[in-house]
Every structure is written in C-alpha cells, then in structure tokens.
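For reference, the structure is listed below as structure tokens.
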Amino acid sequence: MRTELANHYDLTPSLACAEELADIYAKMDRVISPPDWAIYAPYVKAILALKKQRNAVILAHNYMTPEIYHGIADVVGDSLQLAIKATEVEADVIVQCGVHFMAETSKILNPSKTVLIPDMDAGCSLAESITAEGIAEMRAKYPGAPVVTYVNTTAEVKAASDICCTSSNAAQIVAAQDSDTVIMTPDQYLAQNVAKEVPNKRVVWWEGSCIVHEQYTAKDLREYRDWNPGTRIIAHPECPPDVIAEADFSGSTSGIIDYVHRERPEKAMLVTECSMAANISDELPDVDFVGPCNMCPYMKKITLEKVLWSLHSMQGAVEVDPEIAAQARVAVERMIDLSRRLAV
C-alpha cells in the first residue's frame, strides 16, 4: 500500500503544504502540533484532490481523530446524523470513516452507490455481541414485544428488528412503541438508562456492551471529583447506570457536543471516547477538557493513509445481501421517519 501510494502522491512531510492548508489546521491547532500537521497535510491535500476526482463524499463519526474529522470529512456527526445524511448523499462514492456497521448502514440506504470503508477490520464489540438468532431468542422470550435495535449492529440484526434507534433518540423511540413491553438490543446499559427515562414501559434487554463505555465506573468519577472539584462530568448513555447517576449530564455524542457549547463549563470531563474532546477543543478555547478517556481500538483503525488508499484503489467496498438490505432498510427508515416526526 505505502509503496503504491508513494509512487502516485508526494506524501513527504512538508512545511509548505502545512502552510498551504493553514485554514484547515486552524480548526485543530490546539490538539495537533505543527510537526504532526506537517506530516498529515500532504495526505489531506491528496485526499481532497482525489475526492473530487472520484465524486466522493466522506462521512466521519465523532470518534474519528482530528486530522480526519476536521481535515477531510464532508459530514461529521453521531450515528443518527450520519444515517440521515447518508440518505441525502448525491456523490457516487461514500467513504465511511467509522466502523463497519456504519458503512453497512450507508450501503443499506444507498444500494446503488459505492460505499468504502478504509479498514474492513474496523468492527465493533457491541455489534458483535448479538446475531439475528439472538433477536429470535428475545422474541420467543417476550412474544409480541417490538424489537428496538441500536444502530450499532450488523445488517442481519437490523433486518430481524422492528425499528432501529441511536443513543440520541432511544428514549423517544421506545416511548412511541404501542406495546407495554419493549425489547432493546444489544446494549444493556443504554436499555437500562432508557428504562429510567420511560418508566411507563417495561424495557427488557440483551446483555451486550461497548468496550469503551463499560470501562468507566462510578467510583472513578467520584474519585475524580474529589481530586479535581468543579469539573463538569458529561457521560454517554452507553455507560453503566451508576456512572450516569454520577454525571452532571448524559447524552449522545451530538448531545454532548451541544451541551458543552451551550453550557461552556470551565472544566469538562467527557466520559466517552477520547477523540470527542479533541474534536471540539479548538471550538471551545474557554473550556479545559480534563480527566481520563477511553480509546476505541476499532475507530482508530481508520487513518489518513487508509482513507487515501481506499480512494486510490477503490478497495474496501461494503456489500450487503439485497434481501437483508431491504429488510434492514425498513428498520432504519422507520427510525429516521419517527425521529423527524418527533423532532429528535
């Protein structure tokens, strides 16, 4: 890969190229050093040019590193925002800077387009925790209950479900179901947190979890408050309920971003994936982002080099069986339609 790229693009670290793309660098100079930007800039320049040649659009999740999030992405956001934007894409090629289930979702919503993922091994512990057989098992255990499935799942699991949800709309989606009992899969902690928000529903769940968010503990947060008082603790709802109880605010990745922009706390600890704080740091110079974070090893498989390679070689195309895609599309589109009606 590197030999082939070096034969076609000048990827030597360049201060001149870094200066040429200074306007892009200004969005992340608080978190990326000038020497690092001199390394990244030639890749960014090559990707931006190749993107035009391929008529491609780059969708990037909030957990991407800053040089991807600010440097090359056309659309950034959480799972819901990216799913909605995927339905509006006019480009011929979609490059999904995220994990595999996100690329599958884009392909489900755009069956005629080429959807590339820069690393096929960019999976998800949560998505891998459940199968279509697991959905069938839950349906047998709770007959007649609708299945609300997190978008962090494979196409086969989505196809076996009634409707999808994201962390930003899960409570509203569950509340809108006609049944008194609602099955949520696969994130047990998101389901437990939603159950507290929607007490009139009996929420039952599959016991899956995210390797990033399950690492946080309530004890960690209490100890951090004692060590660094005055810090605003902001947690993602994939964290265990006792962690959410210790936080000052809980919300999806887009909800967290909106909260920090609105509240402008002097010090903020984002209890989620590491790149979240890095990506909004330059927009909020008055906020000191402090405290530990946990890194997603799957998200970090996506790099500038791999994005350039995917656009150069057109390798990494994501395909979904048409019959499964058609069934999964129903669950995803139900989520998007209901979210729009509920304005969430």
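No hydrogens, no waters, no symmetry mates; every other heavy atom, side chains included, goes into these values.
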- Looking only at side chains, do Thr181 and Ser179 share a donor and an acceptor under 3.5 Å apart? no

- Query: About how many Å separate CD1 of Ile72 and SG of Cys97, when rounded to the nearest 0.5 Å?
  - Reply: 4.5 Å

- Query: Would Ser14 and Thr12 count as having a side-chain donor-acceptor pair, cut-off 3.5 Å?
  - Reply: no

- Which residues pass the disulfide bond (SG atoms under 2.5 Å apart) test with Cys296, sequence neighbours left out? none

- Query: Quick one: do the Ser161 and Thr149 side chains pair a donor with an acceptor below 3.5 Å?
  - Reply: yes

- Query: Under a single-linkage definition using a 4.5 Å side-chain heavy-atom cutoff for Ile, Leu, Val, Met, Phe, Trp and Tyr, are Ile32 and Met295 assigned to the same hydrophobic cluster?
  - Reply: no

- Between Glu223 and Lys219, is there a side-chain N and carboxylate O pair less than 4.0 Å apart? yes

- Message: Any salt bridge linking Lys51 with Asp74? Criterion: basic side-chain nitrogen under 4.0 Å from a carboxylate oxygen.
- Response: yes

- Query: So, the side chain of Asp119 versus the backbone of Lys306: is there a donor-acceptor pair under 3.5 Å, distance only?
  - Reply: no

- Task: Give a yes or no on whether the backbone of Ala86 and the side-chain of Asn110 come within a donor-acceptor separation of less than 3.5 Å.
- Result: yes

- Message: Given 3.5 Å as the limit, does a donor-acceptor pair link the side chain of Lys158 with the main chain of Thr153, or not?
- Response: yes

- Query: Atom CG in Asp248, atom OH in Tyr259: separation rounded to 0.5 Å?
  - Reply: 5.5 Å

- Any Lys/Arg nitrogen of Lys201 or Asp178 sitting under 4.0 Å from an Asp/Glu carboxylate oxygen of the other? no

- Message: Testing the 3.5 Å rule here: is there a donor-acceptor pair between the side chains of His236 and Ser252?
- Response: no

- Query: Could Arg264 and Asp286 be called an ion pair, given the rule that one side-chain N must be under 4.0 Å from one carboxylate O?
  - Reply: yes

- Query: Looking only at side chains, do Glu67 and Thr65 share a donor and an acceptor under 3.5 Å apart?
  - Reply: yes

- Task: For Ser250 and Ala235, indicate whether the former's side chain and the latter's backbone hold a donor-acceptor pair under 3.5 Å.
- Result: yes

- Does the pair Arg222/Asp242 count as a salt bridge with the N-to-O cut at 4.0 Å? no

- Do NZ/NE/NH1/NH2 and the carboxylate oxygens of Lys300 and Glu273 come within less than 4.0 Å? yes

- Task: Check the pair Glu104 / Lys107 against salt bridge (Lys or Arg N to Asp or Glu O under 4.0 Å), numbers first and verdict last.
- Result: CA-CA 5 Å; Glu104 277 194 335; Lys107 183 63 177 179; over 6 Å; no

- Any side-chain donor near an acceptor of the partner, His61 and Tyr69, under 3.5 Å: no

